[in-house]
Amino acid sequence: MLDVKFIRENQELVKQGLLNKNAADIVDTILKLDEQRRSLITKTEDLKAKKNQVSSQIPQFKKEGKDTTEIFAEMKRVGDEITLLDGQLRDLENEIEDILRNTPNLAHSSVPVGKSAEDNVEVRQWLPEGFNFKNDFKVLDHIELGKKLQILDFERGTKISGSGFSLYTGKGATLERALINFMLDYHLKHHSYKEIMPPILVNRESMKGTGQIPKMEEDMYFIEKDGLYPIPTAEVPITNIHRDEILSEKELTIKYVGYSPCFRREAGSYGKESKGFLRVHQFNKVEMVKFSKPENSYDELELMVIDAEDILKELGIPYRILMLCTGDLSFSAAKCYDIETWSPAENKWLEASSCSNFEAFQARRANIRFRREETKKPEFVHTLNGSGLATSRLMVSLLENNQTPEGKVVVPKVLHKYTGFEIIG
RNA sequence: GGAAAGGUGGCAGAGUGGUUGAAUGCGGCGGUCUCGAAAACCGUUGUCCGGCUUUCGUCGGACCGGGGGUUCGAAUCCCCCCCUUUCCGCCA
């Protein structure tokens, strides 16, 4: 959520920023409503001040035996007017809030301006030693491999739950579990995160706090009976850990990492990229979340990307880093790097991680603050999160890149102690 | 699912219609004492919004789970909702 004061003081900047993000220009509307709001506040507060002043004298009057009927009648009128104006004020505030909640965050100045994914900028690429984009044998895609090795069973996944639900069997299930454990352990040991295991059903407030609601509501599952949402990412419960809290300055930067399954309806996205693991309703993800001071958040973002990259390097999976342009940034993000891993069968890059800085956008919604020691004043923190990483897309690249000409899959060395086997097939 | 209790400041916990933003204790911060620390003592200590002050501030308003009602006046009375805890039942 953007700050009204900020909009007031940076009108042109906000207008341009919204344009860059392909969003509606709400600046003039907000300014008009805000002006009305403030003038109403002045009015009601004058009346309330009067009411309070008179009220405080009444015990005295009573003691003196003074006749108060006229005062009471007058105060009754004042009270009624206050009720009326307060009602108007509330309507106005709701209107403003509604607009702001539906307005995206602005991009950071370092983000390239662009319309769509085509304008994203490749920042760097990493390829394992001896890697070649062309294989000298016919590579199988992850679905073929999964079937041949009997480690993935999409047909039965569909039977059990529907399309977009995957079933891991045998060494496939073990490999999946190994990946999750490896990633968690690695972030704990080498990147000093604190591990979190969050609830995977959350209430509406939590979904609002991180910005999934209202804009993404169609993409969420919802359990009507209990008013709970299966999380689309562990970002939601983990960021909401500190909702409505004031943190101390010295505990920042807080770094959490947690595994959770993720649920997405993916409404309307059937057809393209939807086969096998490429687009699923349920997948596993290890998520990193940071709460930082504003002045550190962009450094923390760079570090977070490196934390995710370390995992891929350890696994020996080729990847590249993209900086998303303004038009491709998500609703809440101010800056975002996507990490894409290589799929030789698809012959293209697949998004396996997304690391974003939300600045104070989520913090303002979720009311997450810290008290600066110097000023003693509460201030909004900056929140960041990134996948570290999502296993489904990662699994595609892992299987496909590590296949042998005979159609077996070599397990990366770092996973051996988790899998207990070194090859599948 | 059945029954009961309860939601007050960072925490604990008073307060049942009129200077109550709210006693008291703990914690936090500042100070005295000390070589230093502890103890003791003294002082201080919420958030949000608006106006003026482009500083330190200052004035006003709101906030005792949320919403509505009664009243000149509500933390306190009434109604609705939400949440938490405990006990019983069921169950991993």
Side-chain angles (χ1 to χ4, degrees), chain A residues 1-11 30-98 100-101 197 199-209 213 222-229 237 240-252 254 261 291 360 363-381:
Chain A
M1 201 155 72
L2 297 176
D3 179 23
V4 177
K5 248 185 229 151
F6 182 83
I7 296 175
R8 206 189 297 152
E9 286 156 17
N10 302 276
Q11 302 180 25
I30 288 291
L31 290 180
K32 203 182 87 204
L33 292 173
D34 181 51
E35 203 165 303
Q36 287 173 22
R37 172 179 153 265
R38 281 183 294 153
S39 103
L40 256 181
I41 286 174
T42 310
K43 250 193 230 171
T44 54
E45 288 191 349
D46 283 350
L47 287 172
K48 284 176 185 169
K50 183 176 171 190
K51 183 183 93 171
N52 289 343
Q53 202 237 328
V54 173
S55 281
S56 70
Q57 295 174 324
I58 283 178
Q60 187 62 28
F61 289 162
K62 284 210 159 165
K63 222 180 272 173
E64 292 166 2
K66 202 167 162 180
D67 178 20
T68 52
T69 37
E70 203 166 302
I71 297 174
F72 283 3
E74 165 73 7
M75 285 302 106
K76 173 88 178 143
R77 274 197 302 278
V78 171
D80 288 346
E81 195 173 350
I82 289 172
T83 308
L84 185 82
L85 292 177
D86 270 349
Q88 291 175 12
L89 184 61
R90 188 137 66 125
D91 289 347
L92 257 180
E93 284 178 339
N94 286 341
E95 199 179 336
I96 293 171
E97 163 118 1
D98 204 53
L100 290 179
R101 279 203 178 274
M197 191 169 287
I200 59 179
L201 298 179
V202 301
N203 58 31
R204 195 173 170 81
E205 269 314 301
S206 295
M207 292 292 263
K208 277 189 185 172
I213 286 179
F222 179 52
I223 300 167
E224 198 161 350
K225 202 169 180 182
D226 300 289
L228 293 169
Y229 297 80
N240 275 282
I241 288 174
H242 295 300
R243 168 150 55 86
D244 291 320
E245 290 185 9
I246 299 179
L247 304 162
S248 71
E249 180 175 4
K250 57 176 177 282
E251 63 188 310
L252 299 177
I254 296 174
F291 302 81
R364 196 171 283 115
R365 288 176 162 246
N367 195 27
I368 307 169
R369 294 173 292 174
F370 76 101
R371 194 182 299 281
R372 206 181 274 283
E373 277 170 28
E374 195 187 325
T375 61
K376 308 230 187 284
K377 289 279 170 215
E379 241 176 88
F380 289 111
V381 299

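Below, read A as the first sequence line, B as the second, and so on, with proteins coming before strands; counting in each chain starts at 1. Owing to the predicted nature of the structure, the values given are computational and were not obtained by experimental measurement.
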>> What's the closest nucleotide to the side chain of A/Pro378 if the choices are B/G50, B/G61, B/U47?
In response: B/U47
>> Rounded to whole Å, please give me the gap between CD1 in A/Ile246 and P in B/G28.
In response: 18 Å
> Mind checking the C1' distance from B/C26 to B/G18? Whole angstroms is fine.
Replying inline: 31 Å
> Rounding to a whole Å, what distance do you find between A/Gln53:CD and B/C59:P?
Replying inline: 16 Å
>> Strictly below 4.0 Å, N to O, side chains only: are A/Glu74 and A/Lys50 in salt-bridge contact?
In response: yes
> Looking for any heavy atom pair under 4.0 Å, which part of the strands does A/Arg37 touch: base, sugar-phosphate only, or nothing?
Replying inline: sugar-phosphate
>> With a 3.5 Å limit on both atom pairs, tell me what B/G36 is paired to, counting Watson-Crick and G-U wobble, or say none.
In response: none
> Is there a Watson-Crick or G-U wobble partner for B/A22 with both distances under 3.5 Å, and if so, which one is it?
Replying inline: none
>> Need the pair for B/G89. Rule: Watson-Crick or G-U wobble, both distances under 3.5 Å, any strand; none if unpaired.
In response: none
> Quick one: does A/Asn10's side chain have a donor or acceptor within less than 3.5 Å of a partner on A/Phe6's backbone?
Replying inline: yes
>> Run the side chain to side chain contact (heavy atoms under 4.5 Å, CB included) test on A/Glu245 and A/Ile368 for me, step by step, so that the C-alpha distance in whole Å, both residues' side-chain angles and the decisive distance to 0.1 Å come before the verdict.
In response: CA-CA 5 Å; A/Glu245 290 185 9; A/Ile368 307 169; 5.7 Å; no
>> Taking pairing as Watson-Crick or G-U wobble with both contacts under 3.5 Å, can you name the mate of B/C77, or confirm there isn't one?
In response: B/G69
> Can you check whether A/Arg38 has a side-chain N or O nearer than 4.0 Å to OP1 or OP2 of B/C49?
Replying inline: no
>> Each nucleotide in nucleotides 71-83 of chain B should get exactly one letter: B, S or -. Can you fill that in based on protein heavy atoms under 4.0 Å?
In response: -BS----------
> If the P atom of B/A62 is compared with that of B/A74, how far apart are they to the nearest Å?
Replying inline: 10 Å
>> Counting only Watson-Crick pairs (N1-N3 plus N6-O4 or O6-N4) and G-U wobbles (N1-O2, O6-N3), all under 3.5 Å, who is the partner of B/C48?
In response: B/G61
>> Among B/U47, B/A62, B/C49, which nucleotide has an atom closest to any side-chain atom of A/Asn52?
In response: B/A62
> B/G60 P sits how many Å from A/Leu47 CG, rounded?
Replying inline: 16 Å
>> Here's a test for you: under side chain to side chain contact (heavy atoms under 4.5 Å, CB included), which of A/Arg364, A/Arg365, A/Arg369 qualifies with A/Asn367?
In response: A/Arg369
> For the pair made of CG in A/Leu92 and P in B/C49, what is the distance, rounded to whole Å?
Replying inline: 17 Å
> Nearest to the side chain of A/Arg371 - B/A62, B/G46, B/G50?
Replying inline: B/G46
>> Between B/A38 and B/U32, how far apart are the two P atoms, rounded to whole Å?
In response: 14 Å
> Say you pick atom P in B/G65 and the same atom in B/G13; how far apart are they, in whole Å?
Replying inline: 15 Å
> In terms of side-chain heavy atoms of A/Arg90, which of B/C49, B/U47, B/G67 is nearest?
Replying inline: B/G67
> Roughly how far apart, to the nearest Å, are B/G9 and B/G46 at atom P?
Replying inline: 14 Å
>> Rounding to an integer number of angstrom, what distance separates B/G15 and B/G7 when you compare their C1' atoms?
In response: 15 Å
>> Please give the distance between the C1' atoms of B/G21 and B/C63 as a whole number of Å.
In response: 9 Å
> Which nucleotide, in any strand shown, forms a Watson-Crick or G-U wobble pair with B/U84, with both distances under 3.5 Å?
Replying inline: B/A5
> Does the side chain of A/Arg243 come within less than 4.5 Å of A/Ser206's, by heavy atoms?
Replying inline: yes
>> Using a strict threshold of under 4.0 Å (side-chain N to carboxylate O), is an ion pair present between A/Glu97 and A/Arg101?
In response: yes
> Starting at the 5' end of RNA chain B, which residue's closest nucleotide do you reach first, A/Glu93 or A/Lys48?
Replying inline: A/Glu93
>> The side chain of A/Ala49 is closest to which nucleotide in this list: B/G61, B/U47, B/G51?
In response: B/G61
> Taking 4.0 angstrom as the limit, do A/Arg77 and A/Asp80 come out as a salt bridge?
Replying inline: no
> Atom NZ of A/Lys5 and atom C1' of B/G50: how far apart are they, to the nearest Å?
Replying inline: 9 Å
> Reckon A/Arg369 touches a base, only the sugar-phosphate, or nothing at all at heavy-atom distances under 4.0 Å?
Replying inline: sugar-phosphate
> Mind checking who B/C29 pairs with, Watson-Crick or G-U wobble, both distances under 3.5 Å?
Replying inline: B/G43
>> I'd like the P distance from B/C41 over to B/G25, given in whole Å.
In response: 11 Å
>> Quick check on side chain to side chain contact (heavy atoms under 4.5 Å, CB included): which of A/Lys250, A/Glu251, A/Glu249 does A/Phe370 satisfy it with?
In response: A/Glu249
> Is the CD atom of A/Gln88 crowded by more than 12 outside heavy atoms at less than 6.0 Å?
Replying inline: yes
> Separation of A/Asn367 atom CG from B/G46 atom P, in whole Å?
Replying inline: 18 Å
> NZ of A/Lys377 versus C1' of B/U45: gap in Å, rounded?
Replying inline: 12 Å
> At what distance, to the nearest 0.5 angstrom, does CD of A/Glu93 lie from CG of A/Asp34?
Replying inline: 9.5 Å
>> Whole angstroms only, please: what is the CG-P distance between A/Leu40 and B/G61?
In response: 18 Å
